[in-house]
Protein chains: 2
Amino acid sequence: MVKITDVARRAGVSPSTVSYALSGKRPISAETRRRVQAAVRELGYRPHAGARALAGSRSNVLALVVPLRAGIHVPVVMRFAASVVTAARAHDHDVLLLTQEEGEEGLRRVADTALADALIVMDVQLRDPRLPLLRELDRPSVLIGFPRESTGLTCIDLDFKAAGEVCVDHLARLGHRVVALVGSPPEVYVRQTAFAQRVVQGFTAAADRAGLVSSVHPCAAAPGSALAVAERLLREQPAPTGVVVHNEPLLEPLIDAFEQLGLRVPGDLSVTAICPDEFAAAVRVPVTSVAVPAAEVGARAVELLMAKLGGAADVPQATLLPPRLTERASTAPRTA
Amino acid sequence: MVKITDVARRAGVSPSTVSYALSGKRPISAETRRRVQAAVRELGYRPHAGARALAGSRSNVLALVVPLRAGIHVPVVMRFAASVVTAARAHDHDVLLLTQEEGEEGLRRVADTALADALIVMDVQLRDPRLPLLRELDRPSVLIGFPRESTGLTCIDLDFKAAGEVCVDHLARLGHRVVALVGSPPEVYVRQTAFAQRVVQGFTAAADRAGLVSSVHPCAAAPGSALAVAERLLREQPAPTGVVVHNEPLLEPLIDAFEQLGLRVPGDLSVTAICPDEFAAAVRVPVTSVAVPAAEVGARAVELLMAKLGGAADVPQATLLPPRLTERASTAPRTA
DNA sequence: GTGAAAGCGCTAACAC
DNA sequence: GTGTTAGCGCTTTCAC
C-alpha cells in the first residue's frame with residue numbers, strides 16, 4: 001500500500017507538505033505542488049480512509065436511509081438515492097446505505113462510531129419517531145420530507161400540498177366541477193407518511209375553495225386494481241370528470257382502465273398526476289403532471305448537508321420546492 | 001466521545017482487555033467480561049470506525065454496486081440490495097452504495113482507500129470490463145451473475161439457463177408445441193447482460209430438444225407495449241400456445257392484453273414467468289413461475305464474502321442455484 | 001513556504 | 001488471564 005510518506009519521499013518534501021498540497025489548507029509553492037502531484041500520480045497514492053477519518057475527524061461518508069416499506073414506489077425512491085450518490089461524489093463523499101428497519105439504532109450507530117459525518121433521511125412521517133434522535137445527534141442531518149413539527153431540523157421536499165392544489169386549480173380552470181384523487185396505498189396513509197397526507201390536504205382545500213365536489217381514494221399499487229378503482233370512480237354520484245393520480249404504478253393501468261370502460265382521456269375524463277416527469281411523459285397518453293423532482297431534491301439535500309458540515313450559519317431550515325405543472329395530452333376543457 | 005480508555009478505566013482493566021473482551025480474540029474471565037460489558041453499556045461506548053479500520057486493517061464495510069441502467073427492473077434490484085444490507089448487518093458490516101456509472105474507478109477507489117473490505121457486483125455482463133480489475137484487486141469480491149469467463153472469480157446467481165429450460169419443459173409436458181419467450185428490453189441484450197442471454201439459451205435449447213417451435217421477443221418494459229407484443233405473438237404462424245415471460249413489469253399487462261384479445265389464460269394460452277415469487281403470485285391470474293430468489297442470492301453473496309474475508313480456502317467459485325418452478329393458475333394442458 | 005512531531009482511538013504483538 | 005506498548009496512516013499544531 002502506498003502511503004503519504006512514500007509520496008513525500010518521492011517528491012522530496014515532508015509528509016505534512018503532501019497533506020497540505022492535497023487539501024489546499026495552506027499555501028504551497030507552485031513548484032512543490034507540481035512535484036507532489038506528480039508523485040501522487042506516479043505512485044497511485046490514495047489516502048487511507050480510516051486514517052484520514054481518525055486524524056481529521058471527518059469520514060467523508062454520508063448515511064442515507066432508504067425506505068423499502070410496503071406501499072412506496074421503489075423506482076421513485078431509487079431516483080432520490082441515485083441523485084444523492086451522484087451529488088455526494090461531486091463533494092468527494094461516499095454514501096452508506098441504511099434501511100428503514102435499522103431505525104433509530106442504525107442512525108445512532110453510524111453517528112456514534114463516526115462512520116458517517118452526516119445523515120439523510122427519507123420517507124418522513126408526520127410524527128416520526130426518529131426526530132428526537134436527529135435533533136440530539138452531534139451530526140448534521142437533512143430530511144427529505146416534512147414532519148409535522150420541523151423546528152431544529154433541516155428539511156427539503158416538493159411542496160406536496162401546493163402540488164395537490166395546482167392539479168385541482170388546473171382542472172377547475174378547464175371547467176371541471178367534480179374531481180377525484182387516486183391516492184397512495186392505504187398503508188401509506190395509516191403510517192402518516194407526510195407527503196401523501198399533504199397531497200390530500202392541498203387537493204381537498206383547493207377543491208373546497210373552488211367550490212368543486214371532491215373525493216379521495218387511497219389505492220393499492222397493483223396494476224390489477226386499476227379497473228376496480230376506475231369503476232368505483234364512475235359509479236360515484238356525481239361522477240368526476242377530473243382525476244388527480246398520486247400513485248405512480250397505477251397511472252398507466254388506470255388510463256387503460258378508463259378507456260376500457262369506454263371513456264376517452266382527455267375527451268371524457270381529464271387526468272393529472274403527481275410523479276416524476278419521465279413517468280408522466282412515458283404513458284401512452286402523455287399525462288399532464290406536477291413533477292416530483294427527485295434528482296433536484298437529492299442533489300439539494302446533499303448541498304444542504306455540505307453547507308452544514310462546512311459550518312454555514314445560514315442553512316435554511318425548510319426548503320419547499322414550488323410545484324411545476326406541465327400540460328400534456330391527458331387534460332382538456334370539460335365537454336358538455 | 002466515549003473511548004476505549006474510558007471504558008477500561010471504568011471497568012478497572014486495561015484497554016487491550018476491553019478490546020479483547022469485545023472481539024473475543026482471546027480468553028477473558030467471566031468476571032472481567034461482565035465488568036467490561038457493564039462499563040460499555042453504562043457509558044454507551046461505540047468503537048470509532050476509523051480508528052478500528054486503521055489499527056485492525058478491517059473497515060467492516062462492504063461495497064455494493066447497484067445497477068440503475070436502462071431496462072433493468074428496479075424493484076428486483078432493490079430486493080437484492082436489501083437482502084445484502086440485512087445479511088451484512090448480521091455480520092456486523094455496513095454497506096456502501098456505488099452506482100454503475102462510477103464503474104471501475106469507484107471499485108478501485110473504495111478498495112485502495114480501504115473504505116471497503118470487500119465488493120459485491122451486480123448486473124454482470126458476459127464480457128464485463130470490470131473483471132480484470134476484480135481479479136487483480138487485493139480485496140475479495142463476489143459477483144451476482146456469471147460472466148462468460150469466470151475463472152478466478154466468485155459468482156452466484158440463479159441458474160437462468162436452467163430456468164428457461166424448466167419453463168419450456170413444463171409447457172411441453174402440458175402438450176404445448178409452439179412456445180414464445182417474451183424477454184427483457186432490447187438494450188439489455190445489446191449490453192450482453194448475462195442472465196438475460198442465458199434465459200434465451202435455455203429456452204431455445206429446451207424447445208429444440210423437445211421438438212417445439214419457438215420464438216424470442218425482446219420487449220420494452222412499458223406497460224403500454226403489452227398489447228402490441230400480444231398482438232405480434234398471435235399473428236405468428238403457427239401461433240404459440242405457451243409463453244414464457246422474463247420481464248417483470250410486463251407480466252400483468254401482458255396477461256390483461258391477452259384476455260383483451262379474447263384469449264383466456266390458461267384456457268387458450270399458458271403463461272409462465274421467471275421473476276420473484278411475490279410478483280408472480282400477485283398477478284390477477286397467479287402465474288406459474290420459476291422464482292428469482294433475490295433474498296437468498298443476496299444473503300449467500302454476503303456469506304461467500306465473509307468466508308473469503310475469513311480466509312476460508314474452500315469458497316466455491318461458482319454457485320448456481322437450481323430453478324424451482326411453482327405451478328399456479330396460469331398454465332394448463334393444451335386444449336384442442 | 002516548509003518541516004518535525006504529537007496525537008487521533010484502536011488492535012495486536014509481546015510481555016508476564 | 002491480563003497489562004504494556006508500539007504502531008496503523010493521516011492531519012494539524014507548533015516551530016522556523
Side-chain angles (χ1 to χ4, degrees), chain A residues 1-37 39-40 43-61 92 109-115 117 138 309, chain B residues 1-37 39-40 43-61 92 109-117 138 309 311:
Chain A
M1 185 200 186
V2 183
K3 36 202 194 193
I4 201 168
T5 51
D6 300 328
V7 177
R9 197 175 319 116
R10 176 101 171 205
V13 297
S14 74
S16 66
T17 297
V18 174
S19 177
Y20 285 120
L22 258 33
S23 71
K25 287 189 183 173
R26 84 180 184 189
I28 297 285
S29 76
E31 165 59 9
T32 303
R33 186 176 17 257
R34 206 196 46 65
R35 295 229 310 283
V36 169
Q37 282 163 350
V40 165
L43 299 176
Y45 169 68
R46 307 266 205 178
H48 185 288
R52 196 209 267 262
L54 181 57
S57 54
R58 283 296 215 84
S59 68
N60 277 35
V61 169
D92 194 33
R109 181 169 49 80
V110 297
D112 288 354
T113 61
L115 228 190
D117 294 332
D138 55 333
L309 282 172
Chain B
M1 185 200 188
V2 183
K3 35 204 199 191
I4 200 167
T5 51
D6 300 328
V7 177
R9 197 173 322 114
R10 175 101 173 204
V13 298
S14 75
S16 66
T17 298
V18 174
S19 177
Y20 286 120
L22 259 33
S23 70
K25 289 191 182 172
R26 85 178 182 190
I28 298 285
S29 76
E31 165 59 9
T32 302
R33 189 181 10 260
R34 206 196 46 65
R35 294 230 309 284
V36 168
Q37 282 163 348
V40 164
L43 299 174
Y45 168 68
R46 306 270 206 175
H48 186 289
R52 195 209 268 262
L54 181 56
S57 55
R58 282 297 213 83
S59 67
N60 277 35
V61 169
D92 194 33
R109 180 170 49 77
V110 298
D112 287 355
T113 62
L115 229 191
D117 294 331
D138 54 333
L309 282 171

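Chain letters run A, B, ... following the sequence lines, proteins first, then strands; residues in each count from 1.
Dashed line: the shortest gap from a side-chain N or O of Ser23(B) to OP1 or OP2 of dT11(C) is not under 4.0 Å. Within the 4.0 Å cut-off from OP1 or OP2 of dG3(C), at least one side-chain nitrogen or oxygen of Thr17(A) is found. Between dC10(D) and Tyr45(A), a contact under 4.0 Å exists linking OP1 or OP2 to a side-chain N or O.
Taking atom CG of Asp112(B) as the reference point, atom P of dC10(D) lies 12 Å away to the nearest angstrom. For the pair Arg58(B) CZ and dG9(C) C1', the interatomic distance rounds to 19 Å; values are reported in whole Å. We find that CG of Asp117(A) is positioned 14 Å from P of dT11(D), with the value rounded to whole Å. Note: CZ (Arg34(A)) to C1' (dG1(C)) measures 17 Å, nearest angstrom. With rounding to whole Å, Ile28(A) atom CD1 is found 13 Å from dT11(D) atom P. The NZ-P distance, from Lys25(B) to dC10(C), rounds to 15 Å in whole Å. To the nearest angstrom, C1' of dG9(C) lies 7 Å from CE of Met1(B). Atom CG in Leu54(A) sits roughly 17 Å away from atom P in dA6(C) (whole-Å rounding).
Between the side chain of Arg52(B) and the base of dT11(C) there is no donor-acceptor pair of N/O atoms closer than 3.5 Å. Applying the 3.5 Å distance criterion, the base of dA5(C) shares no donor-acceptor pair with the side chain of Ser16(A). Side-chain atoms of Arg26(A) come within donor-acceptor range of the base of dG3(C), with a qualifying N/O pair under 3.5 Å.
Rounded to the nearest 0.5 angstrom, Thr17(A) OG1 and Leu22(A) CG are separated by 11.5 Å.
Nucleic acid contact for Ser57(B): none, since no nucleic acid atom lies under 4.0 Å from a heavy atom of the residue. Within the 4.0 angstrom heavy-atom criterion, only backbone atoms of the sugar-phosphate kind lie near Ser29(B); the bases stay farther away.
In terms of position along DNA chain D, the nucleotide closest to Ile4(A) lies nearer the 5' end than the nucleotide closest to the other residue of the pair Tyr20(A) and Ile4(A).
Comparing atom distances between the His48(B) side chain and each of dC8(C), dA4(C), dG9(C) picks out dG9(C) as nearest. The side chain of Ser19(A) lies closest to dT11(D) when the candidates are dT11(D), dA12(C), dC10(C). Among the nucleotides dG9(C), dA13(C), dC10(D), the one closest to the side chain of Lys3(A) is dC10(D). When distances run from any side-chain atom of Ala51(B) to the nucleotides dG3(C), dT2(D), dG9(C), the shortest one goes to dG9(C).
Of the charged side-chain nitrogens involved, at least one lies within less than 4.0 Å of a carboxylate oxygen, so that Asp6(B) and Arg9(B) count as a salt-bridged pair.
Heavy-atom minimum distance, Ser59(A) versus Ala53(A): CA-CB, 3.9 Å.
Looking only at side-chain heavy atoms (C-beta outward), Leu309(B) and Arg58(B) come within less than 4.5 Å of each other. Side-chain atoms of Arg26(A) and Ser16(A), non-hydrogen and from C-beta on, do get closer than 4.5 Å to each other.
Evaluated for a side-chain contact (heavy atoms from CB on, under 4.5 Å) with Arg35(B), the options Val18(B), Val13(B), Val7(B) yield exactly one hit, Val13(B).
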